[in-house]
Amino acid sequence: MLQDKILNFINGEFVATDKWFENRTPISNAVIGQVAEAGKAEVDAAVAAAQAALKGPWGKMTLAKRVELLEALVAEINNRFDEFLEAECADTGKPRSLASHIDIPRGAANFKVFADVIKNVPGEFFDMATPDGGTAINYTFRSPVGVVGVICPWNLPLLLMTWKVGPALACGNTVVVKPSEETPRTAALLGEVMNKVGIPKGVYNVVHGFGPNSAGEFLTTHPDVDAITFTGETRTGEIINRAASVGSRPVSLEMGGKNAAIVFADCDFDAAIEGTLRSAFANCGQVCLGTERVYVERPIFEKFVAAMKAGAEKLKIGVPEDPATGMGPLISKEHQNKVLSYFQIAKEEGATIVTGGGVPDMPGELKDGCWVQPTIWTGLPEDARVIKEEIFGPCCHIAPFDSEDEVLEKANDNIYGLATAIWTKDVSRANRVAQQMEVGIAWVNSWFLRDLRTAFGGAKQSGIGREGGVHSLEFYTELKNICIKL
Ligand code: NAD
């Protein structure tokens with residue numbers, strides 16, 4: 001059953017406030033709940049609870065016990081899988097078929113993956129001769145960084161939140177989470193699960209609200225928050241980076257992208273089409289790793305554009321419950337307006353609209369939802385705004401290229417550097433191109449294939465730092481060298 005009042009979760013208790021904001025479903029834009037907005041007092045209480053928990057049972061708990069609790073957490077999320085699924089689909093409107101494969105299972109798996117990492121990570125050891133003819137030994141010891149402020153986006157709410165909360169808790173930290181104002185439900189539901197499995201109070205806290213002059217700003221400027229991890233737009237990341245500089249607190253920033261796919265004529269054509277369709281339109285194009293620029297080698301350009309058009313036009317736009325739904329709505333009216341404004345810019349810039357470019361005709365109450373058509377353009381010059389700026393919608397521009405050097409130059413000519421997908425059967429070329437792409441993740445003959453033990457993050461304005469596997473430990477622990485003179 002969906003809650004119609006979504007509360008903050010502070011020190012193990014659900015907390016209302018006297019300020020509420022609306023929770024809407026993007027399916028019809030109808031109000032489906034009210035969210036209690038945290039003010040300064042609630043953020044203070046959450047941070048104080050998190051600080052106290054560090055000194056309490058959580059801070060004193062053995063690693064083995066902590067891991068046991070995190071494993072119990074995974075089991076309990078899976079027990080309540082359908083509730084998480086319903087909550088995530090209500091907030092985002094995304095197809096159940098997608099959320100039941102990606103959002104919820106991977107949202108749970110993040111706790112298991114990082115519990116395994118912390119259990120198995122080795123340290124370093126050095127034996128040294130001392131000037132007096134004796135010996136000293138050095139070894140590394142990892143301590144938690146403390147209270148971690150976790151600021152989340154709306155596109156994969158549970159998954160991207162636990163991607164940070166999982167390693168933070170595995171490493172012994174406590175957290176205060178600020179979910180996106182668009183998607184507060186699964187973060188709140190996770191509070192119930194934390195209580196059920198016996199995670200001590202104050203370890204996991206949730207404060208709801210917005211960015212400026214609301215919970216987001218109060219949390220990131222709070223002097224007792226020891227580190228801040230963020231996923232969201234680059235502009236917001238810059239503000240958070242400035243806030244974190246006060247008190248010299250570490251930040252991990254996972255930010256925007258304008259990812260290029262590079263398709264060579266020798267690729268497995270069907271695989272390239274399938275992967276590129278997914279990377280452009282999955283989650284209604286609201287995936288940071290998604291492709292908005294596609295470069296195709298000239299001999300297969302026309303055939304590729306035709307196949308992409310056919311694939312886009314086959315996508316069924318619809319409600320989460322319908323198993324045939326291939327694409328849901330955008331997250332909000334505000335975001336729909338932003339994406340539609342880029343559809344208009346594309347026209348003004350002289351794009352050829354291969355397919356889409358507008359709002360689909362939806363029946364009944366769905367008319368008021370945040371729908372847009374999957375959209376493909378060709379014919380724009382490389383300096384067009386539609387090619388340079390992140391749109392974060394179900395759209396891509398496809399351009400032909402003639403040489404490897406030319407495509408590398410174009411694909412890298414962007415302020416962002418998150419991900420790329422390269423399609424070719426020539427392994428040497430794939431390797432050469434992948435190494436020269438200015439990105440954090442380069443896929444060859446695939447897209448969104450993620451081994452959670454590997455480094456994840458962005459180059460250039462797509463991010464600062466890497467998370468995933470042992471790389472997360474670099475952020476969520478303080479690495480100490482202990483030197484013992486024997
Ligand atoms: P956003 O930057 O608008 O919001 C993200 C979060 O920051 C929200 O919780 C918001 O309330 C909060 N926030 C906003 N202003 C703030 C402030 N001044 N102080 C503190 N908190 C503030 O991003 P979004 O629209 O939710 O998400 C979409 C963006 O996220 C896209 O740019 C996308 O590329 C990016 N993204 C990146 C990754 C990645 O791994 N690199 C993953 C997913 C999404």
Side-chain angles (χ1 to χ4, degrees), residues 9-13 46-80 84 105-124 139-150 152 158-177 186-206 224-229 250 252 452-453 467-480 482:
F9 184 69
I10 300 171
N11 206 22
E13 307 275 342
V47 174
Q51 282 290 356
L54 277 177
K55 298 182 185 76
W58 186 248
K60 298 193 177 80
M61 195 174 280
T62 62
L63 173 62
K65 178 68 186 165
R66 212 160 66 219
V67 165
E68 192 185 304
L69 284 177
L70 294 178
E71 285 168 353
L73 196 63
V74 178
E76 188 57 19
I77 297 172
N78 286 329
N79 273 342
R80 297 180 67 173
F84 277 96
R106 283 199 15 197
N110 283 333
F111 288 106
K112 166 90 177 100
V113 166
F114 291 103
D116 287 345
V117 169
I118 195 77
K119 250 182 353 196
N120 295 308
V121 69
E124 61 182 32
Y139 70 95
T140 48
F141 182 79
R142 290 186 184 274
S143 314
V145 281
V147 173
V148 181
V150 183
C152 306
L158 181 71
L159 189 160
L160 290 176
M161 189 256 287
T162 62
W163 171 247
K164 289 163 177 306
V165 173
L169 299 193
C171 294
N173 302 283
T174 58
V175 297
V176 180
V177 175
T186 44
L189 194 52
L190 190 60
E192 289 182 20
V193 176
M194 294 274 171
N195 279 350
K196 172 81 193 295
V197 303
I199 302 274
K201 59 184 190 172
V203 170
Y204 173 80
N205 305 275
V206 180
D224 296 332
V225 169
D226 300 300
I228 302 169
T229 178
S252 174
L452 303 183
R453 296 169 299 182
E467 297 195 31
V470 292
H471 308 283
S472 290
L473 305 191
E474 299 310 319
F475 181 72
Y476 294 103
T477 62
E478 201 64 72
L479 191 63
K480 191 182 315 184
I482 298 185

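Listed here is the closest heavy atom pair of T140 and E124: OG1-N, 2.9 Å. Smallest separation of non-hydrogen atoms from K164 and E467: NZ-OE2, 2.8 Å. Nearest heavy atoms, F141 versus I482: CB-CD1, 3.9 Å. Closest approach of S472 and G468 over heavy atoms only: OG-N, 2.6 Å. In terms of heavy atoms, A227 sits closest to F475 at CB-CZ, 3.9 Å. Across every non-hydrogen atom of G149 and V225, the tightest pair is N-CG1, 3.6 Å.
At least one side-chain heavy atom of V177 sits under 4.5 Å from a side-chain heavy atom of C152. The shortest distance between side-chain heavy atoms of I77 and L189 does not fall below 4.5 Å. A heavy-atom distance below 4.5 Å is not found between the side chains of L473 and F114. Two residues are said to be in side-chain contact when any heavy atoms from C-beta on lie closer than 4.5 Å; V197 and E68 fail this criterion. Under the 4.5 Å side-chain criterion, counting only non-hydrogen atoms from C-beta, L73 is in contact with M194. With contacts defined as side-chain heavy-atom distances shorter than 4.5 Å, the pair D226/Q51 qualifies.
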Show the atom names and distances, to 0.1 Å, of all donor-acceptor pairs under 3.5 Å that link a side chain in residues 168-176 to residues at least two apart or in another chain.
from: N173; atom 1: OD1; to: V145; atom 2: N; distance (Å): 2.7
from: N173; atom 1: OD1; to: G146; atom 2: N; distance (Å): 2.9
from: N173; atom 1: ND2; to: A168; atom 2: O; distance (Å): 2.9
from: N173; atom 1: ND2; to: Y476; atom 2: O; distance (Å): 2.9
from: T174; atom 1: OG1; to: A50; atom 2: O; distance (Å): 2.9

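In this structure, the separation between OG1 on T186 and CG on L159 is 10.0 Å, given to the nearest 0.5 Å. A distance of 12.5 Å separates NZ of K480 from CZ of R142, quoted to the nearest 0.5 Å. Between atom CD1 of residue I199 and atom CZ of residue R66 there is a gap of 10.5 Å, rounded to the nearest 0.5 Å.
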Could you go through the side-chain contact (heavy atoms from CB on, under 4.5 Å) check for D224 and V147 one step at a time? CA-CA 7 Å; D224 296 332; V147 173; over 6 Å; no

Report the C-alpha distance between W163 and R106 in whole Å, list the side-chain angles of each, state the deciding distance to 0.1 Å, and finish with yes or no for side-chain contact (heavy atoms from CB on, under 4.5 Å). CA-CA 9 Å; W163 171 247; R106 283 199 15 197; over 6 Å; no

For W58 and L69: C-alpha separation, side-chain torsions, deciding distance, then whether side-chain contact (heavy atoms from CB on, under 4.5 Å) applies. CA-CA 11 Å; W58 186 248; L69 284 177; 4.2 Å; yes

Using the side chain to side chain donor-acceptor pair (under 3.5 Å) rule, take N195 and E192 through it: C-alpha gap first, then chi angles, then the decisive distance, then the call. CA-CA 5 Å; N195 279 350; E192 289 182 20; over 6 Å; no

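Not a single donor-acceptor pair under 3.5 Å links the side chain of T162 to the backbone N or O of A108.
Within 6.0 Å of atom NZ in K196, 12 or fewer heavy atoms from other residues, nucleotides or ligands are found, so the atom counts as exposed in its surroundings.
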